[in-house]
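Given the structure is predicted, the values throughout are model-derived calculations rather than measurements.
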Amino acid sequence: MSIVVTGASGQLGRLTVEALLARGVPASGIVATSRDITKLKDFADRGIVVRPADFAEPDGLPAAFEGADKLLLISTTTVDERVANHRRAIDAAVAAGVPLVAYTSMLRADTSSTALADTHRETEEYLRERVPSVMLRNGWYLENYTAQLPQVLSGGAIVGAAGEGRISAATRADYADAAAAVLATGGHAGKVYELGGDEAFTLAGFAAEVSSATGQRIRYTDLPAGQFARVLAESGVPGELARVLVDADVAMGRGELFTDSGDLRRLIGRPTTAPAEAISAALA
């Protein structure tokens, strides 16, 4: 079996390759792709096949995907270019005769009101029409919050616009393990997995977990969307990213980043990483 992982130099891609190896997939059966293959030298040194793949240069993509039994299409990060990039990758997968494409989508992509979900929904529709597929609808990353801990501890607060919305976040490693499980086993074609952590939390609850872990009182300050956008702008967050973050928080307040499907736990065969565990690991 040959499994192609796109974006293998990125955080989720790297973790997925490692998860495939941990599940017993031989290095020779994994193809890691990236726009810059120099970033994959460590994988090549371990016997993993490395190929260049740039979604902006579609002529080279069929060769990058050649011989694949399964392909993991990891969603790209630039929102306004995402759908066009994904369509080129899907077309290349079809041209290369790939029998199954797994796509890292977004939780509740079919019903979510966020701008992020729009791009994932368009990709899902395009993919379904062209090749057998499986949708890995990833929820929010716990790292979106743990990466901010230095600033949170400095300021004594988590700021957002999510209200009392519950968030089913998990670590990148959890989502990568789920992707590896789907790629390494059969029976997933046509499936849609709503993936999220076992322990949903509000941002006030997350602040309480940080307080407990550090002994420092951390509060959650809930703001109207417009005010939250101004806070992000004043903190130096780029405009597009700020819009995405505000949009996501508003959606959280509506429950759009909550799931109790249990799909993630079942795929990885273990409990998902708890918020308290992720906080402790980040602090360490």
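The minimum heavy-atom distance linking P150 with T146 is given by the pair CD-O, 4.4 Å. The shortest non-hydrogen separation linking V31 to R51 is CG1-CD, 3.7 Å. For the residue pair T38 and D36, the shortest heavy atom distance occurs at OG1-OD1, 2.5 Å. Closest heavy-atom contact between H188 and V182: CD2-O, 3.4 Å. Here the shortest heavy-atom pairing between A184 and V25 reads CB-CG2, 4.0 Å.
Heavy-atom contacts from other residues, nucleotides or ligands closer than 6.0 Å to CD of Q227 number more than 12. Within a 6.0 Å radius of CD in E18, more than 12 heavy atoms belonging to other residues, nucleotides or ligands are found. No more than 12 heavy atoms of other residues, nucleotides or ligands shown are found within 6.0 angstrom of CZ on R35. For CD of Q151, the number of neighbouring non-hydrogen atoms (other residues, nucleotides, ligands) closer than 6.0 Å is greater than 12.
Because its NZ or CZ atom is not both nearer than 6.0 Å to the ring centre of F228 and within 45° of the ring axis, R230 does not count as a cation-pi partner of that residue. Because its NZ or CZ atom is both nearer than 6.0 Å to the ring centre of Y141 and within 45° of the ring axis, R172 counts as a cation-pi partner of that residue.
Under the 4.0 Å criterion applied to side-chain N and carboxylate O atoms, K41 and D45 are assigned as salt-bridge partners. Of the charged side-chain nitrogens involved, at least one lies within less than 4.0 Å of a carboxylate oxygen, so that D263 and R266 count as a salt-bridged pair. Ion pairing between a basic and an acidic side chain is recognised when a charged N comes within 4.0 Å of a carboxylate O; R14 and D42 show such pairing.
Here the side chain of T6 pairs a donor or acceptor atom with the backbone of I74 at under 3.5 angstrom. Remark: the backbone N or O of G156 is paired with a side-chain donor or acceptor of R219 at under 3.5 angstrom. Of the possible polar contacts, none joining the S34 side chain to the I37 backbone as a donor-acceptor pair under 3.5 Å is found. Judged by distance alone, the side chain of R137 and the main-chain N or O of R108 form no donor-acceptor pair under 3.5 Å. Not one N or O on the side chain of E124 forms a donor-acceptor pair closer than 3.5 Å with the backbone of S105. The backbone N or O of A208 sits nowhere less than 3.5 Å from a side-chain atom of R217 that would complete a donor-acceptor pair. Side chain of E256 to main chain of S113: a donor-acceptor pair is present (N/O by atom type, distance under 3.5 Å, no hydrogens or angles). When atom types are taken as modelled, the side chain of K70 and the backbone of L183 share a donor-acceptor pair closer than 3.5 angstrom. The backbone N or O of G196 sits nowhere less than 3.5 Å from a side-chain atom of Y175 that would complete a donor-acceptor pair. When atom types are taken as modelled, the side chain of D174 and the backbone of T273 share a donor-acceptor pair closer than 3.5 angstrom.
Test L21, V4, T16 against I30 for side-chain contact (heavy atoms from CB on, under 4.5 Å) and you get one pass: L21. A side-chain contact (heavy atoms from CB on, under 4.5 Å) with L72 holds for exactly one of L136, L12, L100; it is L136.
To the nearest 0.5 Å, atoms CG (L61) and CG (D91) are separated by 9.5 Å. Note: W140 CH2 to I167 CD1 = 9.0 Å, rounded to the nearest 0.5 Å. Taken to the nearest 0.5 Å, the CZ atom of R88 stands 9.0 Å off from the CG atom of D54.
Linking ILVMFWY side-chain heavy atoms closer than 4.5 Å, directly or via other members, places M106 and Y126 in two distinct hydrophobic clusters.
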Let me see the working for T76 and T78 under side-chain hydrogen bond (donor to acceptor under 3.5 Å, both in side chains), right down to the final yes or no. CA-CA 6 Å; T76 58; T78 307; over 6 Å; no
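Taking the six-membered ring for Trp and thresholds of 30 and 60 degrees, F201 and Y145 have ring planes more than 60 degrees apart, a perpendicular arrangement. Taking the six-membered ring where the residue is Trp, H120 and Y103 present tilted rings, their angle falling between 30° and 60°.
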